[in-house]
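Here the structure is a predicted model, which is why all the values come from computation and not from measurement. Naming: A, B, ... by sequence-line order, numbering from 1 per chain.
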Protein chains: 4
Amino acid sequence: MRTESSPRGRKRSSFIEQARRAQIIEAATETVAEVGYSRASLAEIAQRAGISKSVISYHFEGKDELLEQVAARLFEETWAYMEPRVYGETSAGAQIREWVRSQLSFFSSHRVSFLAMVEIVTHYQPKEGSSPFAQAIEEEAAELARILRKGQQDGEFRDFDPRAVAVIIGQAVEGALGQWIADDTIDLDTHALALVDFIDHAIRSERG
Amino acid sequence: MRTESSPRGRKRSSFIEQARRAQIIEAATETVAEVGYSRASLAEIAQRAGISKSVISYHFEGKDELLEQVAARLFEETWAYMEPRVYGETSAGAQIREWVRSQLSFFSSHRVSFLAMVEIVTHYQPKEGSSPFAQAIEEEAAELARILRKGQQDGEFRDFDPRAVAVIIGQAVEGALGQWIADDTIDLDTHALALVDFIDHAIRSERG
Amino acid sequence: MRTESSPRGRKRSSFIEQARRAQIIEAATETVAEVGYSRASLAEIAQRAGISKSVISYHFEGKDELLEQVAARLFEETWAYMEPRVYGETSAGAQIREWVRSQLSFFSSHRVSFLAMVEIVTHYQPKEGSSPFAQAIEEEAAELARILRKGQQDGEFRDFDPRAVAVIIGQAVEGALGQWIADDTIDLDTHALALVDFIDHAIRSERG
Amino acid sequence: MRTESSPRGRKRSSFIEQARRAQIIEAATETVAEVGYSRASLAEIAQRAGISKSVISYHFEGKDELLEQVAARLFEETWAYMEPRVYGETSAGAQIREWVRSQLSFFSSHRVSFLAMVEIVTHYQPKEGSSPFAQAIEEEAAELARILRKGQQDGEFRDFDPRAVAVIIGQAVEGALGQWIADDTIDLDTHALALVDFIDHAIRSERG
DNA sequence: TATGAATGAGGCTTCATTCAT
DNA sequence: CATGAATGAAGCCTCATTCAT
């Protein structure tokens, strides 16, 4: 879809170019997390990055591309943290527990990332076409569903619609984080335990 | 801050004033649901209401107040539908099931309301202070938690943090609706069953 | 193609609306004539009109619509002046002479209109689709060609391609005006005579 | 105003300097012809030349100078083609005919040059002062007028204002080319004949 | 010589809000 | 009560130009 990256017309990017892009993405992440999507103007972002507004236009096709990059980086980072932990486990039950635990754990130490991610996923609206995050989110749900299905085949989990439950779990985790964001007094570790426990009971085979 | 002239600030509002406000709120709801929060300008809303933009400013303090009213009405309507159904049940278990069922049921026949509610709750950002919806959502969660607690006392539910589970349930319902919105082929009734079942397993006392 | 005029959403326009549009069109005409198309920004136009930039946006869909209106008005005015004079004549020869004479005469007393017209016809480039002036110009040329053809049928004019000659005549008139614009010392009346004479000799039947 | 550093201002320019300038001028010509004046940004031109934007700034004072050079080269090339052909003829009548014919012929096989020339002559607007093409165009007209005058003295042409007719002829040729550009189906050779014929009749002495 | 990078001016639009009628 | 009209702030983007390397 995208025909040219920035600086327009070049394919390769120098080291300094990469650094600037990273810096701007970082600034954008913080800005979105702090003032919210709608107030995260290029002016704001530029100011926080200590650069001029047009530098952003120079390194990115436009605001849309910048925000997509921000989100993409957040997805990557999150998954890079979760994947080894989840697949370090062997049983489906342990994988699900680790999924929830690691996601909560990651975001609990990356508050800004979480806020930015939620804001962007929720608000981003490209000029044409549909949100590019739908796919990422869809893939994540599919991955989760796959684990659930395996657990059912192994007799670990009872019978339910894996797809529906995957969505429920995803939402529950996001909800827990949302609560924690809204209320600092919440102990996320306790919450995590409760959530893991809740899910465990909900999906585990009766015999288990 | 609030000017004491004009409708807001008055104690008594004429019938026509009430009617206009209702009409505008209705139009705003539809607009937000249809074109999304960010594209729901006063101009758009006014056009759909068949009135002039300034009428809105006349009847509402500003866009912020209007959207707050929209959300407030949606909360009220939803709760007005759910309350008798939930409390028509006696056991905590049945109440929870009815809570989930009735919420899904209400929104499934009020698609516009659901869309508008999500958009507003998600995007609304007052110029000063924090979101006024936090309270409403908080109250709803508290209500749900109360039922859960009762179920625990009655021995219906096992031991868990009622507050945390209340949030999880709320999120799960919203998630299910979101899925249904995104994918028309989903059968919401089936989904409702799965969700109720999921929650049932998660919270019901082992002995149950 | 255009779905709504300004103020957006209304069909009828009040008197004051009409007046403002006329005022803005007038200011735009002058601005384009004076500083040239490329420097005729909305800011410039607004300043000359003594109004705020956004007033233009309020009354017109955008810069494109404004300039189209400017051009449309110029075409209309020009033709309103020429038509009765041209068709006040009966013979094709006289009609052609009057065509040239009246066009020169009109623009010689509407310097600004001429400049604006040339600038817009030359520079205007709509965001999508092709120039809407092509048609107007085409029609004018066709009209001229029709007269030429009639003259040939009546034996007044010799044999030539009417379409090609129509273009030549049109260009010649524009060229003459361009000269006059560039050099104030030129006497346009003399020039007009020369031009009429030139064309006369070029097209008149040998026997004539 | 002009800074004395760097290439411009130097008396001697290296071979590589000359080559670069030529390359840039060529790219600019093509760009202007293809995408039109207003979209012919330095970025576009640089991209087509396969060089970086700043190279242009290095070799030319600015965009203005570049475009002036482009136009100057086009004028030169055109005249280099026309001159021997026109003055290969002896009689004024033949010279005029050859003038028209060779100009049409040159541009018909240099479509890009014609497009670029028209775009630049039409759109170019220096930051200060007036268009530098006025002079070139003026000289061409003067040259043409000189031939016309000679034709009158020789009794070949009838009495008319040579200056005015020179302009008319120039415009007519440009108009014919414009038509041809706009409509590919036009046979330029036929058109050329019609034009030559038209002019012939217009200026030739009655006795001729 | 060449260039990647950065800049700031300026352009068009959208929008909530205000005000006189 | 209602509204047409006007406004100014703010947003994003494009572009010629400059500068250090």
Side-chain angles (χ1 to χ4, degrees), chain A residues 6-10 12-17 19-20 38-46 51-64 66 127, chain B residues 3 6-7 14 16-17 20 38-46 51-64 66 127, chain C residues 6-10 12-17 19-20 38-46 51-64 66 127, chain D residues 3 6-7 14 16-17 20 38-46 51-64 66 127:
Chain A
S6 293
R8 285 77 177 251
R10 268 183 311 115
R12 295 289 200 73
S13 24
S14 65
F15 168 73
I16 189 163
E17 152 87 10
R20 259 281 186 268
S38 57
R39 295 212 215 293
S41 65
L42 288 189
E44 262 290 319
I45 296 170
I51 56 177
S52 140
K53 231 183 356 173
S54 40
V55 178
I56 299 178
S57 292
Y58 177 71
H59 290 284
F60 295 87
E61 234 172 275
K63 199 189 185 184
D64 281 7
L66 170 56
K127 282 177 191 66
Chain B
T3 52
S6 303
S14 70
I16 191 164
E17 155 82 12
R20 262 278 189 266
S38 57
R39 292 206 221 293
S41 64
L42 287 189
E44 263 289 319
I45 296 169
I51 56 176
S52 115
K53 247 190 323 182
S54 30
V55 180
I56 300 178
S57 296
Y58 181 75
H59 289 284
F60 296 88
E61 216 175 304
K63 200 188 186 187
D64 283 5
L66 169 57
K127 285 185 187 59
Chain C
S6 292
R8 285 78 175 249
R10 271 184 308 114
R12 294 289 200 72
S13 22
S14 66
F15 169 73
I16 190 163
E17 153 86 10
R20 259 280 187 270
S38 57
R39 294 210 215 294
S41 65
L42 288 189
E44 262 289 319
I45 296 170
I51 56 178
S52 140
K53 231 184 353 175
S54 39
V55 178
I56 299 178
S57 292
Y58 177 72
H59 290 283
F60 295 87
E61 233 172 276
K63 200 187 186 185
D64 281 6
L66 170 57
K127 282 176 191 66
Chain D
T3 52
S6 303
S14 70
I16 191 163
E17 156 83 10
R20 261 280 187 265
S38 56
R39 291 205 221 293
S41 64
L42 287 189
E44 264 290 317
I45 296 170
I51 57 176
S52 116
K53 248 190 324 182
S54 31
V55 180
I56 299 179
S57 295
Y58 181 75
H59 289 285
F60 295 88
E61 215 174 306
K63 201 187 184 186
D64 282 4
L66 168 57
K127 284 185 189 60

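Each of C/Ile51 and A/Ser38 was matched to the nucleotide of DNA chain F holding its nearest heavy atom; the match closer to the 5' end belongs to C/Ile51. Two residues, C/Ser52 and A/Arg39, neighbour DNA chain F, and the one matched to the more 5' nucleotide by heavy-atom proximity is C/Ser52.
For E/dG11, the OP1/OP2 oxygens have a side-chain nitrogen or oxygen of C/Ser41 closer than 4.0 Å. Contact annotation: A/His59 does not reach the phosphate of E/dG4 (side-chain N/O to OP1 or OP2, under 4.0 Å). Distances shown here put every side-chain N or O of C/Arg20 at or beyond 4.0 Å from the OP1 or OP2 atom of F/dA5.
With rounding to the nearest 0.5 angstrom, the CZ atom of C/Arg20 is 11.0 Å from the OG atom of C/Ser14. From D/Lys53, atom NZ reaches atom OG of D/Ser41 across 8.0 Å, with rounding to the nearest 0.5 Å. Rounded to the nearest 0.5 angstrom, A/Ile51 CD1 and A/Tyr58 OH are separated by 12.5 Å.
Every residue was checked against the side-chain contact (heavy atoms from CB on, under 4.5 Å) condition with C/Ala19, not counting sequence neighbours, and none meets it. For A/Ser52, the side chain to side chain donor-acceptor pair (under 3.5 Å) partners at least two apart in sequence or on another chain are A/Ser54. Remark: B/Ser38 engages A/Gln125 in a side chain to side chain donor-acceptor pair (under 3.5 Å) (not counting sequence neighbours).
Atoms CD1 (A/Ile45) and C1' (F/dA10) sit 14 Å apart, rounded to a whole Å. For the pair A/Phe15 CZ and F/dT21 C1', the interatomic distance rounds to 16 Å; values are reported in whole Å. To the nearest angstrom, P of E/dA2 lies 12 Å from CZ of D/Phe60. Look at CD1 on A/Ile56: it is 14 Å from C1' on E/dG8, rounded to the nearest Å.
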Heteroatom pairs (N/O) under 3.5 angstrom, protein to nucleotides 17-20 of chain F:
from: F/dT17; atom 1: OP1; to: D/Lys127; atom 2: NZ; distance (Å): 3.4
from: F/dT17; atom 1: OP2; to: D/Lys63; atom 2: N; distance (Å): 3.0
from: F/dT17; atom 1: O4; to: D/Lys53; atom 2: NZ; distance (Å): 3.3

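In DNA chain E, stems built from 3 or more consecutive Watson-Crick or G-U wobble pairs, each with both distances under 3.5 Å, span E:2-21 with F:2-21.
Across all their heavy atoms, D/Lys63 and D/Leu42 have their closest contact at CG-CD2, 3.9 Å.
Counting heavy-atom neighbours within 6.0 Å of D/Arg39 CZ, excluding the residue itself, gives a total of 12 or less.
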